[in-house]
Amino acid sequence: MTDDELFEDLSRRLREAHRRVGALDVPQEQKARVVTRLLAVSDAAKHDLARASTRLEMLLADLDAGRFPTPEG
C-alpha cells in the first residue's frame, strides 16, 4: 500500500471512528477517555501513518468488543 493509499484509508477509518465515539452511550468519564485515545491516534497520524493505523485498529477492536476504559485503567 502506498503512503497515499494508507493516508486515504486511515482518514476514512478515523472519520468513522470519530462518528462511533461521538455516538457512544457510556458515562461521560469513559467517553472522555475514549476521546483522548482517539485524539492520540489522530496526532500519531501526523508523524507515522503505519503506527497510527495499528493504534486505530486496536481502538476499533476495543469499541467492537465493548471494552471501554474505566477510572481504574
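What you are looking at is a predicted structure, and each value in this text was computed from that prediction instead of being measured.
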Is the shortest distance from a Lys or Arg side-chain nitrogen in Arg20 or Asp64 to a carboxylate oxygen in the other one below 4.0 Å?
-> yes

Could you go step by step and tell me if Leu59 and Val34 meet the side-chain contact (heavy atoms from CB on, under 4.5 Å) rule?
-> CA-CA 8 Å; Leu59 173 62; Val34 175; 4.2 Å; yes

Where is the tightest heavy-atom contact between Ala52 and Leu10, given as atom of each residue plus distance?
-> CB-CD2, 3.9 Å

Lys31 and Asp25: CA distance, side-chain angles, deciding distance, salt bridge (Lys or Arg N to Asp or Glu O under 4.0 Å) verdict = CA-CA 8 Å; Lys31 190 172 187 175; Asp25 186 21; over 6 Å; no

Does Leu24 reach the side chain of Val35, with side-chain heavy atoms less than 4.5 Å apart?
-> no

Residues, nucleotides or ligands: over 12 heavy atoms within 6.0 Å of Phe68 CZ = yes

With a 4.5 Å heavy-atom cut-off, do Asp62 and Arg37 have their side chains touching?
-> yes

Separation between CD (Glu16) and OG (Ser11), nearest 0.5 Å, reads 13.5 Å

May I ask you to decide whether Glu8 forms a salt bridge with Arg12, counting only side-chain N to carboxylate O separations under 4.0 Å?
-> no

Does one hydrophobic cluster hold both Met58 and Val26, with members joined at side-chain heavy-atom distances below 4.5 Å?
-> no

Yes or no on side-chain contact (heavy atoms from CB on, under 4.5 Å) for His18 and Arg13, after CA distance, side-chain angles and deciding distance?
-> CA-CA 9 Å; His18 278 273; Arg13 292 185 306 134; over 6 Å; no

Rounded to the nearest 0.5 Å, what separation is found between the CD atom of Glu5 and the CG atom of Leu49?
-> 12.0 Å

Rounded to the nearest 0.5 Å, what's the gap from CG on Asp48 to OG1 on Thr54? Could you check?
-> 8.0 Å

On a heavy-atom basis, the closest approach of Leu6 and Ala50 is CD2-N, 3.8 Å

For the atom pair CG (Leu56) and CG (Asp9), what is the distance rounded to the nearest 0.5 Å?
-> 9.0 Å

